[in-house]
Amino acid sequence: MVLHLDMDYFFAQVEERENPRFKGVPLVVGADPKKGKGRGVVSTCNYEARKFGIHSGMAISKAYEACPEAIYLPVNMELYSRVSENIFRIIEKVSEKYEKVSLDEAYIDLSGLAENYKQAERIGCDLKKLIFKKEKLTCSVGIGENKMIAKIASEEDKPDGLKVVKAGDALKFISQKSIREIPGIGPKTEKKLEIILEKSGLKIKDLRAISKKQLVDVLGKRGEEIYKNVRGEDDSEIDLKTKTKSIGKEITFDQDTLDPEKIISTFKNLSQRVAGMAKTEERPIKTVVVTCRFENFNTYSRQVSFKPRKPTKGLIYKKGAKLLLKLLAKKLKPVRLLGIRVIFDESDKE
DNA sequence: AATTCATTATCAC
DNA sequence: CTAACGGTGATAATGAATT
């Protein structure tokens, strides 16, 4: 049995807690809609803002159009990280066997902890109470036989929800849900499936009409998983503490630029920060990846691998600058975004 | 033939 | 009028380069 925990509108809820005058009015956490013409997106917003049609991932300029009177706050990641750590400390009191999906989301393995659904529900309820008592934040919990069911269940009664889906009810529970609720089906996959079935607004049960072969044909390896998923099955394991595989930084300019000074100084800055973060991992890196997005949104990456070496600022910048120059020499247009990432050496396995 | 490398696509939060 | 659209990290597909 699996428990999925999802903090409700996390960043915005934390801001409400820190500053109660944000409660009850539309609140959007993301970029400043006025600064730099508002090129960012909405990170999270509270439910009052959602009434205006605002949601995560929406362009901040569009959100501003929908609700200029909302309060717009910048992302205060340091604050949310601290709160997140507190929450995970609470989760650890329930079980060490958990998978951290993000700052505000986790799967907990209930095998060995709960013999039946009643006990599982008790654990979920206690966890919610504990988090609220310690952190004054609400969350939603879903419980099911596998990760997918638990995840879809946690959405069911949000916010402040607690939903248990018994094994026998799982198939029925997911049948009428949008196929987008299946983890791994995004906009592109949805479109492909709509073409196969010549129908939009697909429900999970609709996908049961597609053969395994056709799914694999169209979706590749993921088709195999999706074939099982739409039948309520999910083999994916709870992934305990895995090592970071890569670290990167990227930045979108306030305005697209061709200014070499600006490009270089920005790139230097990114490199330095990546080096700083990579060093704390105390592991060698073996690849540097540079990303560049131009004004037309075309995005390119260039990478180079080498003998695993310590992630020094000089190494990362040198390798990266060479790649960047090579790229810019070919495709010179005003630059929208620059990024650099390092990939750690993985040769040391378990 | 098998493995690694490079690049792009897709996804999640 | 339409498009607008971050930052971080993971995985897969595909084809080329190496071993």
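The sequence lines fix the lettering, A, B, ..., with proteins before strands; numbering per chain opens at 1. These numbers come from a predicted model, not from an experiment.
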By side-chain contact (heavy atoms from CB on, under 4.5 Å), A:Asp234 pairs with (sequence neighbours left out) A:Asn146, A:Lys147, A:Met148, A:Asn229, A:Ser236
Rounded to whole Å, CG of A:Leu73 lies from P of C:dG6 at a distance of 19 Å
Separation of C:dG6 atom P from A:Met77 atom CE, nearest Å, is 15 Å
Hits for side-chain contact (heavy atoms from CB on, under 4.5 Å) against A:Ala153, two or more places apart or cross-chain, chain-then-number order -> A:Lys163, A:Val165, A:Phe173
In short, side-chain hydrogen bond (donor to acceptor under 3.5 Å, both in side chains) pairs touching residues 131-144 of chain A with sequence neighbours left out are A:Asp8-A:Thr138, A:Asp8-A:Ser140, A:Gln13-A:Thr138, A:Arg17-A:Glu135, A:Asn86-A:Glu135
Check: When all nucleic acid strands are considered with a 4.0 Å heavy-atom cut-off, which category describes A:Lys62: base, sugar-phosphate, or nothing?
Finding: base
_Base, sugar-phosphate or nothing for A:Leu270? Non-hydrogen atoms, less than 4.0 Å._
nothing
Between CD of A:Glu65 and P of C:dC1 the distance, given in whole Å, is 12 Å
Between NZ of A:Lys191 and P of B:dA9 the distance, given in whole Å, is 16 Å
Under 3.5 Å between N/O atoms: give me all the protein pairs with nucleotides 8-12 of chain C, atom names plus distance.
residue, atom, partner, partner atom, Å
C:dT8, OP1, A:Lys249, NZ, 2.7
C:dT8, OP2, A:Glu250, N, 2.6
C:dT8, OP2, A:Glu250, O, 3.3
C:dG9, OP2, A:Gly248, N, 2.6
C:dG9, OP2, A:Gly248, O, 3.2
C:dG9, OP2, A:Arg341, NH2, 3.3
C:dA10, OP1, A:Lys245, N, 3.0
C:dA10, OP2, A:Ser246, N, 3.1
C:dA10, OP2, A:Ser246, OG, 2.9
C:dT11, OP1, A:Lys245, NZ, 3.3
C:dT11, OP2, A:Lys245, NZ, 3.1

Taken in chain and number order and not counting sequence neighbours, the residues that satisfy salt bridge (Lys or Arg N to Asp or Glu O under 4.0 Å) with A:Asp160 are A:Lys128
Per the under-4.0 Å heavy-atom filter, residues of residues 324-338 of chain A near DNA chain B come out as none
Applying side chain to side chain donor-acceptor pair (under 3.5 Å) to A:Tyr317 and not counting sequence neighbours gives none
- Message: Please determine whether a side-chain nitrogen or oxygen atom of A:Ser43 lies at a distance below 4.0 Å from atom OP1 or OP2 of C:dG7.
- Response: no
Could I get a table of every N or O pair under 3.5 Å where one atom is in the protein and the other is in nucleotides 3-6 of chain B?
residue, atom, partner, partner atom, Å
B:dC5, OP2, A:Lys286, NZ, 2.8
B:dA6, OP2, A:Ser305, N, 3.2
B:dA6, OP2, A:Ser305, OG, 2.5

Across the strands shown, which category fits A:Thr189 at heavy-atom distances under 4.0 angstrom: base, sugar-phosphate, nothing? sugar-phosphate
With sequence neighbours left out, the residues meeting side chain to side chain donor-acceptor pair (under 3.5 Å) with A:Tyr227 are none
A:Lys177 meets the side chain to side chain donor-acceptor pair (under 3.5 Å) criterion, sequence neighbours left out, with A:Glu156
Practice task
Give a yes or no on whether a salt bridge exists between A:Asp345 and A:Lys286, defined as a side-chain N under 4.0 angstrom from a carboxylate O.
Solution key: no
A:Tyr64 atom OH is separated from C:dG6 atom C1', nearest whole Å, by 20 Å
With sequence neighbours left out, the residues meeting side chain to side chain donor-acceptor pair (under 3.5 Å) with A:Arg222 are A:Thr189
Please work out if A:Glu105 contacts a base, only the sugar-phosphate, or nothing of the nucleic acid, heavy-atom cut-off 4.0 Å. sugar-phosphate
When rounded to whole Å, the CZ to C1' distance for the pair A:Phe297 and B:dA9 reads 15 Å
side-chain hydrogen bond (donor to acceptor under 3.5 Å, both in side chains) test vs A:Arg39 passes for just one of A:Asp256, A:Thr252, A:Asp254, namely A:Asp256
Just list the side-chain donor-acceptor pairs under 3.5 Å for residues 292-308 of chain A, sequence neighbours left out, or say none.
residue, atom, partner, partner atom, Å
A:Arg293, NH1, A:Thr299, OG1, 3.2
A:Asn296, OD1, A:Asn298, N, 2.9
A:Thr299, OG1, A:Phe297, O, 3.1
A:Ser305, OG, A:Thr287, OG1, 3.0

A:Glu295 atom CD is separated from C:dA3 atom P, nearest whole Å, by 18 Å
Original post:
How far, in whole Å, is C:dG6 from B:dC11 if one measures between their C1' atoms?
Top reply: 15 Å
Taken to the nearest whole Å, CG/A:Asp254 to C1'/C:dC5 is 15 Å
Measure from the side-chain N and O atoms of A:Arg208 to the backbone N and O of A:Val230, and report whether any donor-acceptor pair falls under 3.5 Å.
yes
